[in-house]
Amino acid sequence: MTNKSYQSLVVHQVESGVQLVQLNRPEALNALTTELLAELSAVMDVAEASGDIRVLVLTGSSKAFAAGADINEMAERDLVGMLNDPRQQYWQRITRFSKPVIAAINGYCLGGGCELAMHADILIAGRDAQFGQPEINLGIMPGAGGTQRLLRAVGKSLTMQMVLTGQPINAQQAKDAGLISEITQPELTVARALALAKVIASKGSLAVRLAKESILKGMDTDLATGLRFERHAFTVLAGTEDRKEGIMAFKEKRQPNFSGR
């Protein structure tokens, strides 16, 4: 079953704590419009508040995860329009999402699409995937984190090459550089992402949330600050029912039944 009340997304029914969200603008290779980003933000608002949703899987089509921003929409905005661009708040909302996100990527993952994929916590890609920031070809540059997230993922040299030439890299190059974690056959990409998501959803949700937050903190700060945050989060978990359940289940040689408390 699916929820088709959205114009640019297909939001699937929650299964085993996992919700699959599919970008659905096939006529434009899932180019990101303001409407699509607004809908994705709304989906994340619901998922954030839901105790049933523990992991989101975000995907596109077999041809494209997302081929970039919608150029026609972008062309309509002048300087003032860009300064007042409502998409900024939607990107910020996507960044703030506290639960794990897995991106299942096939085909083109370019420009804003690549930026959206890099907002995910784990990236799984089919062998046919292409990653790139081609904005330079339009006389512009990435504006939704492309220079900053790519830099942190693959380092200075490859980021410079991709951003300044606009040329994409393939899935194997992306994996070698650390942009993605796994490569699959294209027809298995979503299934693999869903399987991985279900594994994560079976863990204690409090531990998952704090572990994600700790890893992201480590990307944005020095080692000493990151270690302090990690230790604080580790200590907080000592007072949870999930920790007691996890330890007891280990001793009793059974699967834990985490409650999220």
Any donor-acceptor pair under 3.5 Å from Gln19 side chain to Leu56 backbone: no
Kindly indicate, with the supporting measurements, whether the criterion side chain to side chain contact (heavy atoms under 4.5 Å, CB included) is fulfilled by Glu213 and Ser98. CA-CA 7 Å; Glu213 190 174 354; Ser98 66; over 6 Å; no
Can you tell me how far apart CD1 (Ile105) and CG (Leu116) are? Round to the nearest 0.5 Å. 9.0 Å
Residues Glu245, Arg261: salt bridge by 4.0 Å N-O rule: no
What do the steps show when you test Gln133 against Glu135 for side-chain hydrogen bond (donor to acceptor under 3.5 Å, both in side chains), and what is the final call? CA-CA 6 Å; Gln133 299 292 161; Glu135 291 90 344; 3.0 Å; yes
Electrostatic pair Glu182:Arg192 at N-O distance under 4.0 angstrom: yes
Before giving the answer on side-chain hydrogen bond (donor to acceptor under 3.5 Å, both in side chains), spell out for Arg228 and Thr225 the whole-Å C-alpha distance, their side-chain angles and the decisive distance to 0.1 Å. CA-CA 5 Å; Arg228 284 195 298 271; Thr225 302; 3.2 Å; yes
Hey, does Lys156 have a side-chain heavy atom less than 4.5 Å from the side chain of Leu151? yes
Run the numbers on Phe65 and Leu58 for side chain to side chain contact (heavy atoms under 4.5 Å, CB included), then give the verdict. CA-CA 9 Å; Phe65 177 77; Leu58 185 61; 4.1 Å; yes
Are Leu216 and Phe229 linked, directly or through intermediate hydrophobic residues, by side-chain heavy-atom contacts shorter than 4.5 Å (ILVMFWY only)? no
Indicate if Ile102 and Val11 have the same hydrophobic cluster label, given that clusters are the connected sets of ILVMFWY residues with side-chain heavy-atom separations under 4.5 angstrom. no
Give a yes or no on whether the backbone of Arg87 and the side-chain of Thr34 come within a donor-acceptor separation of less than 3.5 Å. no
If you define the side chain from C-beta out and look only at heavy atoms, does anything of Lys63 sit under 4.5 Å from Tyr108? no
Any side-chain heavy-atom pair of Asn24 and Pro26 under 4.5 Å: yes
State the CZ-CZ distance between Arg209 and Arg54, to the nearest 0.5 angstrom. 13.5 Å
Short N-O contact, Arg152 and Asp220, less than 4.0 angstrom: yes
Under 3.5 Å, side chain of Glu35 to main-chain N/O of Gln7, donor-acceptor pair present? no
Arg127 and Thr184, any side-chain heavy atoms less than 4.5 Å apart: no
Under the criterion side chain to side chain contact (heavy atoms under 4.5 Å, CB included), I'd like the reasoning laid out for Arg96 against Met44: C-alpha separation, chi angles, the key distance, then a yes or no. CA-CA 10 Å; Arg96 292 194 312 271; Met44 287 187 164; over 6 Å; no
Going from CD1 on Ile180 to CD1 on Ile122, what distance comes out if it is rounded to the nearest 0.5 angstrom? 12.5 Å
Charged N to carboxylate O below 4.0 Å: is that the case for Lys217 and Glu230? no
Indicate yes or no: at least one non-hydrogen side-chain atom of Ser41 is less than 4.5 angstrom from one of Tyr90. yes
Test side chain to side chain contact (heavy atoms under 4.5 Å, CB included) applied to Val55 and Val101, step by step: CA-CA 6 Å; Val55 184; Val101 179; over 6 Å; no
Nearest heavy atoms of Ala193 and Ala104, plus distance in Å: CB-CB, 3.8 Å
Tell me if a side-chain donor or acceptor on Ser16 pairs with a main-chain N or O of Val18 at a distance below 3.5 Å. no
If we ignore hydrogens and angles and just use 3.5 Å, is the side chain of Thr221 paired with the main-chain N or O of Gly218 as donor and acceptor? no
Is Phe97 reachable from Tyr6 through a run of I, L, V, M, F, W or Y residues, each pair having side-chain heavy atoms under 4.5 Å apart? yes
For Gly60 and Gln22, which heavy atoms make the closest approach, and how far apart are they? O-NE2, 3.1 Å
Please name the pair of heavy atoms, one in Phe258 and one in Gly204, separated by the smallest distance, quoted to 0.1 Å. CD1-N, 3.2 Å
Who else is in the cluster with Leu206 when I, L, V, M, F, W and Y are joined by side-chain contacts under 4.5 Å? Leu210, Val236, Leu237
Do Phe131 and Asn170 make a side-chain contact, defined as non-hydrogen atoms from C-beta onward lying under 4.5 Å apart? no
Just wondering, do Leu32 and Leu23 contact through their side chains at under 4.5 Å, heavy atoms? yes
With no hydrogens and no angle check, just 3.5 Å: does a side-chain donor-acceptor pair link Asn106 and Thr189? yes
Single-linkage hydrophobic cluster Leu196~Val57, side-chain heavy atoms < 4.5 angstrom: yes
Nearest heavy-atom approach of Ala117 to Cys109 is CB-SG, 3.7 Å
Any side-chain heavy atom of Thr95 sitting closer than 4.5 Å to one from Arg149? yes
To check you understand the geometry: which heavy-atom pair defines the closest contact between Val163 and Pro142, and what is its length? CG1-CD, 4.0 Å
Rounded to the nearest 0.5 Å, what separates atom CD1 in Ile136 from atom CE in Met162? 13.0 Å
Between the side chain of Arg25 and the main-chain N/O of Ala31, is any donor-acceptor distance below 3.5 Å? yes
Ignoring hydrogens and geometry, is there a side-chain-to-backbone donor-acceptor pair from Gln130 to Ala171 under 3.5 Å? no
Which heavy atom in Gly132 sits nearest to a heavy atom in Cys114, and how many Å separate them? O-CB, 3.5 Å
Do other residues, nucleotides or ligands put more than 12 heavy atoms under 6.0 Å from Gln255 CD? no
Spell out, as yes or no, whether a donor-acceptor pair under 3.5 Å connects the side chain of Thr159 to the backbone of Gly155. yes
The reported gap from CG in Leu179 to CG in Leu158 (rounded to nearest 0.5 angstrom) is 8.5 Å
So if you build clusters from Ile, Leu, Val, Met, Phe, Trp, Tyr with side-chain heavy-atom gaps below 4.5 Å, do Leu110 and Val154 land together? no
Can you tell me how far CG of Leu36 sits from CG of Asn30, rounded to the nearest 0.5 angstrom? 7.5 Å
Under 3.5 Å, side chain of Lys212 to main-chain N/O of Lys99, donor-acceptor pair present? yes
